[in-house]
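I have placed the structure first, in the form of structure tokens, so that the comments after it can refer back to it.
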Amino acid sequence: MNDLIAIGAALTGSLVFGVSSVAEQSGTQHVKKRPPLSPRLLLDLVREPLWVTGIGAVLVGFALQVVALSFGPLALVEPILISDLVIAVLISAAIRKRWDPVMLGGVFACAVGVAGFLAIARPSGGKTHLSFLAVLPIAVLLVAVLAGCLAVAQRSESARPLALALACGVDYGVAAFVVKLLTADFGGGLGQVFTHWPIYALAIVGPLGFLLNQNAFQQGILLAPVLAIITVSDPLISIALAHFWLHETSTSGALAAAGEILSLLIMVTGIVVVARHSPMVIRQIAAESQQNAAQEAAAPGPQHTEDQPLVRVLAISMRNLCGSGQLRSRTLGLWPTTWNSPAPFASCAPWRGV
């Protein structure tokens with residue numbers, strides 16, 4: 001019965017998170033870009049009504065996540081919560097009244113992967129209390145991962161959204177682990193809650209992950225891999241922490257382990273497909289294509305080739321043969337660039353969202 005309550009609360013929370021993601025993503029695009037972890041970003045966002053509405057939905061979704069973790073194991077609840085990306089994508093597709101068969105295939109793969117993992121693993125039990133010394137290695141690893149990701153984000157503009165997405169996903173997985181431990185303190189009242197470490201750890205990792213999420217969203221580029229990285233990292237980190245620190249039990253045996261790994265791979269594949277074919281990413285690709293076409297149309301073309309060096313004449317001729325520079329490729333399999341683009345990322349200078 002407890003597992004059914006946990007599943008119901010997790011699914012409802014995913015629905016609320018999905019709705020919030022659509023509103024939250026729209027709000028972040030209306031404010032000035034800020035450096036990673038800049039508090040000024042939050043000051044800008046609170047003036048956006050759509051973003052504030054999305055945050056209200058996030059709080060409701062978080063409350064439902066807490067309920068789910070109170071009744072069910074961490075490894076049961078967190079994989080279900082990836083449904084928020086699926087729901088957000090479906091909402092966006094419904095608004096636009098365009099249904100991509102490939103995207104629907106990704107949705108089906110997500111559902112099959114999550115259902116298969118939960119049916120095979122059947123996570124249960126696990127510890128509900130851990131000392132601070134027991135989780136200190138997690139804190140050290142988290143700090144190391146965040147520091148590495150932020151260093152990459154500062155040094156490489158092209159890799160910044162991916163680094164922020166990884167930092168966000170890892171942070172969310174640790175935050176879910178902390179929330180699971182915090183729910184065990186609720187039975188002892190406020191006195192027990194405020195005398196144990198989880199509430200103070202959540203006060204750090206919660207806002208930190210939220211801020212990383214907003215920064216990753218606001219970059220506005222590489223949205224497909226950003227969405228995929230955040231959505232995949234969260235449940236995988238949670239499952240690992242549930243196994244190694246909370247000692248939650250699952251079905252044993254080599255065959256069961258193979259089934260669990262296969263299910264997770266199907267889930268990850270579905271997430272990548274859904275993220276890549278999400279309406280938000282499609283809109284970005286279309287906008288970038290229009291922008292590139294407008295820039296090339298506005299650029300002055302060569303008027304007199306007879307006065308130009310032979311190499312230049314040949315280059316112009318080759319470009320014309322390729323469609324005036326409009327020969328398109330799929331950089332990294334994701335983003336359209338023109339044949340004469342100066343660099344793959346030149347035209348591409350997402351906590352959960354679409």
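Hydrogens, waters and symmetry mates play no part in the numbers below; they use all other heavy atoms, side chains included. Not measured: the values here are computed from a predicted model.
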Where [X] and [Y] come nearest, the two heavy atoms and their spacing:
X: C110; Y: I82; value: CB-CD1, 4.3 Å
X: A165; Y: A216; value: N-CB, 4.2 Å
X: A275; Y: A228; value: CB-N, 3.8 Å
X: I230; Y: C168; value: CD1-SG, 4.1 Å
X: D3; Y: P73; value: OD1-CD, 3.8 Å

So for atom CG, which belongs to L255, do other residues, nucleotides or ligands contribute more than 12 heavy atoms lying within a distance under 6.0 Å?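 Count not over threshold, so no.
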
Backbone N/O of [Y] and side chain of [X]: donor-acceptor pair under 3.5 Å:
X: K180; Y: L246; value: no
X: Y200; Y: F194; value: yes
X: S14; Y: I80; value: yes
X: T195; Y: Q192; value: yes

Assess the residue pair L150 and L212 against the criterion (side chain to side chain contact (heavy atoms under 4.5 Å, CB included)); give the C-alpha distance rounded to whole Å, side-chain angles, the decisive distance to 0.1 Å, and a yes or no. CA-CA 10 Å; L150 290 176; L212 286 167; 4.1 Å; yes

Are [Y] and [X] connected into the same hydrophobic cluster when the rule is that any two of I, L, V, M, F, W, Y join if their side-chain heavy atoms are below 4.5 Å apart?
X: V226; Y: L146; answer: yes
X: F244; Y: V145; answer: yes
X: F132; Y: L141; answer: no
X: V232; Y: M267; answer: yes
X: I261; Y: L76; answer: no

So, do [X] and [Y] sit near enough that their side-chain heavy atoms are less than 4.5 Å apart?
X: L104; Y: F108; answer: no
X: I199; Y: D185; answer: no
X: F177; Y: I237; answer: no
X: L262; Y: I120; answer: no
X: V77; Y: F71; answer: no
X: L166; Y: V152; answer: no
X: I138; Y: L241; answer: yes
X: P137; Y: W245; answer: yes

Stepwise side chain to side chain contact (heavy atoms under 4.5 Å, CB included) test for D234 and L81: CA-CA 9 Å; D234 183 354; L81 289 175; 5.9 Å; no

Nonpolar side-chain network containing V16, other nodes, edges under 4.5 Å: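 So far as hydrophobic clustering goes, V16 is joined with V60, L64.
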
Table please: side-chain donor-acceptor pairs of residues 122-131 below 3.5 Å, with sequence neighbours left out.
| residue | atom | partner | partner atom | Å |
| --- | --- | --- | --- | --- |
| R122 | NE | A119 | O | 3.2 |
| S124 | OG | T249 | OG1 | 3.0 |
| S131 | OG | A134 | N | 3.2 |

Apply side-chain contact (heavy atoms from CB on, under 4.5 Å) to [X] and list each qualifying residue two or more places apart in sequence or on a separate chain.
X: H243; result: none
X: V107; result: V86, L90, V274
X: A176; result: Q65, L74, E78, S238

Check against side chain to side chain contact (heavy atoms under 4.5 Å, CB included), F186 and V66: CA-CA 11 Å; F186 290 158; V66 171; 3.7 Å; yes

Qualifying side chain to side chain donor-acceptor pair (under 3.5 Å) pairs with a residue from residues 253-270, counting only residues at least two apart or across chains: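 Sorted result for residues 253-270: empty, none.
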
Residues W197, L181; criterion side chain to side chain contact (heavy atoms under 4.5 Å, CB included); working and verdict: CA-CA 10 Å; W197 65 266; L181 294 174; 3.6 Å; yes

